[in-house]
Amino acid sequence: MAANTLVIVESPAKAKTINKYLGPDYQVLASYGHVRDLPARDGSVRPDEDFAMDWAVADRSKKHMAEIAKAARSARQILLATDPDREGEAISWHVQELLADKSRVKDVDIKRITFNEITRAAVLDAIAHPRAVNRELVEAYLARRALDYLVGFTLSPVLWRKLPGSRSAGRVQSVALRLIAEREAEIESFTAREYWTIEAQLRSASGADVTARLTHLDGRKLDKFDIANETDARAITDRLGPLSYAVRDLETKEVRRRPAPPFTTSTLQQEASRKLGFGATQTMRTAQKLYEGVDLGGETVGLITYMRTDGLQLAGEAVAAVRQVIATGYGDAYLPAKPIPYKSAQKNAQEAHEAIRPTDPKRRPDQLAHVLDRDMLRLYDLIWKRTIACQMAPAVLDQMTVDIASGDGAVVLRATGSVVKFDGFLRVYEEGRDDTGDDKGEDSRLPPLTTGEAMDPRRIDPLQHFTQPPPRYTEASLVKRMEELGIGRPSTYASILQVLQDREYVRLEKRRFVPEDRGRLVTTFLTAFFRRYVEYDFTAQMEEQLDDISGGRIDWREVLRNFWAEFSQAVGGTKDLTISAVIDVIDQALGPHFFPPRADGNDPRHCPACKAGRLGIKFARSGGFIGCSNYPECRFTRPLEVPNGNGEAEAAAQLPRLLGNHPDSGEPISVRSGPYGLYVQLGEGGDGAKPKRASLPPGSDPNSITLEQAVAALALPRIVGQHPETGDPIEANVGRFGPYLKYQNRFWSLAADEDVLSIGMNRAVELLSPLRVLGDHPDGGGEIAIYRGPQRPFVLFGKTKATLPKGTEYAELTVEDAVRLIAAREANGGGRNGGKAKKAAAAKSSKSAKASKPETKASKADAKAKEKPEPKAAKSANPGKAKSTGGKSTARRSAASTEGTKAAASRSKTAKS
């Protein structure tokens with residue numbers, strides 16, 4: 001018998017849970033995240049047609065939509081129960097639009113329902129209060145998606161042509177990248193300044209020790225840099241030693257510390273980073289599992305409310321439950337007389353649902369230890385404690401300041417400390433802090449003291465200090481800064497940070513963001529030629545306008561018209577921009593970074609090879625490098641990186657170096673340096689034939705390469721052996737990106753510590769064997785397995801490789817987790833069509849790269865002092881007019897991976913669970 005009501009949600013886990021709450025009259029199906037998106041080709045958004053948009057159902061969604069359409073034909077009512085935010089509203093709208101195209105469901109009543117938590121009561125209440133799809137939220141989604149598409153498909157080709165080797169540009173990610181790059185520039189330009197303080201250890205009459213610092217000398221308050229060197233510090237120390245001291249002033253002040261508000265998306269990501277070491281992606285993935293719930297007593301129950309929110313309010317019944325937990329668990333002293341209200345200070349807080357909280361505050365973390373994995377339990381514990389603490393009484397502290405003066409009053413030492421009189425919310429939870437390098441010692445405890453009490457100096461020490469540069473951003477501090485600037489929204493933070501890492505614009509080093517040289521080049525280019533569009537204020541204003549659309553205060557197409565008019569003009573303005581002009585700008589901006597001052601005082605740009613040329617930034621088709629201005633007479637090059645001080649550049653200056661003659665052919669073999677690193681060459685070529693060359697593994701020492709190693713490298717690729725199970729050959733080789741194994745037409749990168757010249761069969765088979773076989777993909781298509789990667793393990797499904805996020809243990813990965821990673825990778829242009837996309841992109845960029853070819857050869861054009869404006873450079877400034885082809889569709893796939901696509905991919909990730 002067919003169900004009367006069809007309920008559509010995103011994920012099968014959510015569907016399974018809700019199905020248990022409803023009777024046989026209901027059928028719950030999953031859409032598996034977003035069901036359609038803008039095709040990754042020119043013309044999907046057409047500004048000339050008032051921003052008409054084409055949508056295409058994703059291949060992986062066709063099967064699921066077919067099932068939904070089939071069930072819809074026999075239903076009397078359809079309830080769209082996707083997540084309660086803009087993305088969820090968009091998914092519901094897409095499903096409704098697709099079903100409306102099916103003539104058999106035209107007369108079916110289609111409604112929208114939302115619930116902030118997956119519990120029986122919340123779901124049943126939502127079903128009792130259906131509504132129409134919110135058109136204003138949908139239009140805000142359409143505007144955001146169109147903006148991201150237009151920026152990605154218009155700006156990315158400019159990057160590819162004008163900045164060879166760069167990748168896609170995104171509307172919001174480019175601004176986040178600028179934050180990271182500018183912080184690094186601040187650190188590099190920072191000059192440390194020395195200063196000294198004087199610290200005294202004194203003992204009271206009762207025998208208690210007190211630590212105090214010198215604050216006044218000769219009746220004058222000391223500034224931070226008044227004691228500038230060791231000589232002055234020692235002189236003051238010697239003067240203070242013989243003096244007698246007593247307590248002159250003692251001030252005690254009662255301070256009340258209030259609890260932090262409940263979690264929003266950004267504050268949860270920040271605190272999980274500080275306290276748990278979670279990245280933003282890991283936090284959201286774990287929170288999704290808690291939201292979708294676990295089996296408790298035979299019923300699946302969601303443990304937290306919806307986790308994409310910037311609201312601070314809590315439902316009245318939730319506050320009442322929290323207060324009950326406080327009263328019974330901690331006593332009336334910890335319960336305020338009235339509930340503590342919270343309201344978002346953000347101007348554009350636009351999520352209509354609550355802060356993140358436990359669905360049942362009485363469900364303590366220790367009661368769930370047997371049903372939650374380690375990450376889920378730790379995150380639930382964090383959310384539970386923060387929620388309980390936010391409704392607890394303030395902590396009361398006595399802050400004490402003691403001035404200890406010399407007998408003549410010329411010297412004053414100050415000690416500060418605090419004592420907790422009542423712990424209040426601190427009994428449960430204390431918010432973490434980002435390190436600022438500022439430790440005022442206010443948490444130290446002071447013994448009871450009285451005015452006039454004598455203090456015996458036991459030790460007086462001069463302490464040396466240096467001012468510190470601003471710290472690099474952690475995920476927590478970057479999210480906080482983006483939120484302060486109004487950049488991004490709750491559902492986008494994790495995807496913004498992830499895409500910057502995926503494109504290798506930044507890397508995480510000791511949990512802090514470091515911009516890669518590739519990222520700094522892109523930021524410098526965009527800041528120089530598209531400054532308005534990477535300005536913090538401009539990006540925040542765009543977010544405000546999107547919020548205005550969702551609030552019905554402005555027409556979404558008007559926002560797009562205003563943006564496109566100026567943006568397309570800016571892109572068109574780069575038509576005559578030559579690569580040489582780009583190089584000049586970048587060379588000037590990043591010169592201090594790539595050519596830092598030398599310790600010996602010599603010019604860091606002085607060419608070590610010809611001794612006459614000047615080193616500068618050059619571009620080849622696949623990226624930048626350092627080259628000499630005397631090309632072609634001088635062919636010195638080195639990779640585009642900061643010199644590491646190990647003499648590599650000086651060693652490279654002595655190249656090419658003859659190693660000897662090949663034992664078989666007798667031809668000379670030499671080691672040389674190129675834009676991509678060291679290589680060995682056999683002979684000199686002739687009659688138009690190129691000599692045979694072989695790349696050397698990264699990190700090779702040009703002075704220690706032997707003839708035997710060079711012969712082995714020239715023999716690459718080499719057959720390691722036949723795989724013992726399949727009989728297929730295993731091949732070892734070195735490519736542009738380092739050493740690798742090739743097996744069954746698949747490539748497996750080798751880690752830096754693997755020797756491609758000597759790796760044997762046993763090790764090769766071990767590296768090619770899966771760490772774990774997870775099982776078949778639920779949608780069919782074959783097996784999912786986890787393999788070793790050069791840095792981190794990766795999931796392999798067909799031709800799709802998806803690297804595991806940092807911090808993810810492969811032993812704990814489930815099939816559902818793997819499916820989410822695969823879906824995100826495929827949505828990002830990787831996987832089955834990824835190779836074709838890259839080839840098409842390379843072919844597409846090769847035409848425009850002709851202008852960069854002289855730069856590839858170290859600027860013959862510069863030698864001739866000729867420049868030609870690039871033809872047809874602004875053709876893509878209007879993607880609405882472009883005629884798309886299959887090649888172009890895949891060629892620009894990487895451009896489509898802007899924040900909108902990443903958000904969709906993120907939605908697909910969570911939906912697959």
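Relative to the ring axis of F794, K801 places its NZ or CZ within 45° and under 6.0 Å from the centre.
With hydrogens and angles left out, the side-chain atoms of S670 and Q681 include no donor and acceptor closer than 3.5 Å. Judged by distance alone, the side chains of E766 and N762 never bring a donor and an acceptor atom under 3.5 Å apart. Checking H593 against R520 by side-chain atom types alone, a donor-acceptor pair falls below 3.5 Å. Side-chain contact of T726 with Y743: a donor-acceptor pair under 3.5 Å is present, judged by distance alone.
For the pair V680/R693, no side-chain contact is recorded, criterion being any heavy-atom separation below 4.5 Å from C-beta on. Considering only heavy atoms from C-beta on, L741 stays 4.5 Å or farther from N733 through its side chain. Side-chain contact between L696 and I705 is present, with at least one heavy-atom pair separated by less than 4.5 Å. Looking at V765 and H723, their side chains come closer than 4.5 Å, going by heavy atoms from C-beta outward. Considering only heavy atoms from C-beta on, V773 stays 4.5 Å or farther from I784 through its side chain.
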Check step by step if side chain to side chain contact (heavy atoms under 4.5 Å, CB included) holds for I786 and L774. CA-CA 7 Å; I786 304 174; L774 298 178; 4.0 Å; yes
Derivation of the side chain to side chain contact (heavy atoms under 4.5 Å, CB included) call for I586 and L521: CA-CA 7 Å; I586 290 178; L521 290 174; 3.4 Å; yes
Chi angles and distances behind the side chain to side chain contact (heavy atoms under 4.5 Å, CB included) call for D42, F153: CA-CA 7 Å; D42 287 335; F153 270 79; 3.7 Å; yes
Please report the C-alpha distance between I759 and R718 in whole Å, then the side-chain angles of each, then the deciding distance to 0.1 Å, and finally whether the side chain to side chain contact (heavy atoms under 4.5 Å, CB included) criterion is met. CA-CA 10 Å; I759 188 169; R718 71 181 180 91; 3.3 Å; yes
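The 12-atom threshold is not exceeded at CD of E725, counting heavy atoms of other residues, nucleotides or ligands nearer than 6.0 Å.
Of the possible polar contacts, none joining the E184 side chain to the I180 backbone as a donor-acceptor pair under 3.5 Å is found.
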